[in-house]
J.: 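Just passing along the structure, written as structure tokens.
In this text, all values refer to a predicted model and were calculated from it rather than measured experimentally.
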Amino acid sequence: MLLTEEQTKYYLNDMIQHYREKESNTMGNLSWQRSEAEYRRKTFEDMRIVLFGDDDNGNQRTENT
């Protein structure tokens, strides 16, 4: 089953929020769990930028000519 564009955006945003919370729950700990959560959050953020051209701060991707 393929997701619509809107469903994909919701999924990416939910996963980013999930890993942001997981990352903050392990703050202060030097652990692989925090590193893994940060890595996964950044991966989902990168996917959102690649697919939709925007990031969490509302910045839009622009083409360099």
Side-chain angles (χ1 to χ4, degrees):
M1 180 176 133
L2 296 175
L3 298 176
T4 66
E5 183 177 327
E6 188 174 327
Q7 290 171 322
T8 304
K9 282 184 180 182
Y10 283 130
Y11 173 75
L12 291 174
N13 288 335
D14 287 346
M15 294 307 294
I16 290 167
Q17 185 61 33
H18 169 75
Y19 285 112
R20 185 174 285 137
E21 289 171 4
K22 193 170 188 176
E23 191 178 347
S24 69
N25 289 340
T26 59
M27 282 307 232
N29 298 334
L30 295 176
S31 71
W32 64 271
Q33 290 175 332
R34 188 183 76 218
S35 297
E36 184 177 351
E38 180 182 11
Y39 172 76
R40 289 183 182 201
R41 176 185 53 81
K42 288 181 180 181
T43 300
F44 282 107
E45 287 175 346
D46 289 345
M47 283 193 288
R48 184 175 55 199
I49 290 169
V50 168
L51 292 173
F52 302 109
D54 59 352
D55 63 12
D56 204 23
N57 298 323
N59 297 325
Q60 295 292 316
R61 178 180 62 196
T62 58
E63 286 188 36
N64 294 332
T65 54

J.: Quick one: sort the Phe44 and Tyr19 rings into parallel, tilted or perpendicular, breaks at 30° and 60°.
T.: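 Parallel: the ring planes of Phe44 and Tyr19 meet at under 30°.
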
J.: Any salt bridge between Lys42 and Glu23, counting N to O under 4.0 Å?
T.: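 No, no charged N to carboxylate O under 4.0 Å.
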
J.: Is Tyr11 linked to Phe52 within one hydrophobic cluster, defined over Ile, Leu, Val, Met, Phe, Trp and Tyr using a side-chain heavy-atom separation of less than 4.5 Å?
T.: yes

J.: So, using side chain to side chain contact (heavy atoms under 4.5 Å, CB included) as the criterion, who are the partners of Ser35 when residues are at least two apart?
T.: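 With neighbours one apart ignored, the set is empty.
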
J.: Taking all atoms of both residues into account, what is the closest heavy-atom pair of Leu12 and Met47, and its distance?
T.: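 Smallest heavy-atom distance, with atoms named: CD2-CE, 4.0 Å.
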
J.: Using the rule given for side-chain contact (heavy atoms from CB on, under 4.5 Å), can you reason through Glu5 versus Leu51, listing the C-alpha separation, both sets of side-chain angles and the distance that settles it, and then say yes or no?
T.: CA-CA 9 Å; Glu5 183 177 327; Leu51 292 173; over 6 Å; no

J.: Which residues pass the salt bridge (Lys or Arg N to Asp or Glu O under 4.0 Å) test with Glu21, sequence neighbours left out?
T.: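 Testing Glu21 for salt bridge (Lys or Arg N to Asp or Glu O under 4.0 Å), a comparison that skips the adjacent residues, returns none.
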
J.: Rounded at 0.5 Å granularity, tell me how far CD in Glu6 sits from OG1 in Thr8.
T.: 10.0 Å

J.: If I take atom CG from residue Leu3 and atom NZ from residue Lys9, how far apart are they, to the nearest 0.5 angstrom?
T.: 13.5 Å

J.: By the definition side chain to side chain contact (heavy atoms under 4.5 Å, CB included), identify the one residue from Arg20, Met15, Arg40 that meets it with Glu45.
T.: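 Passing option: Arg20.
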
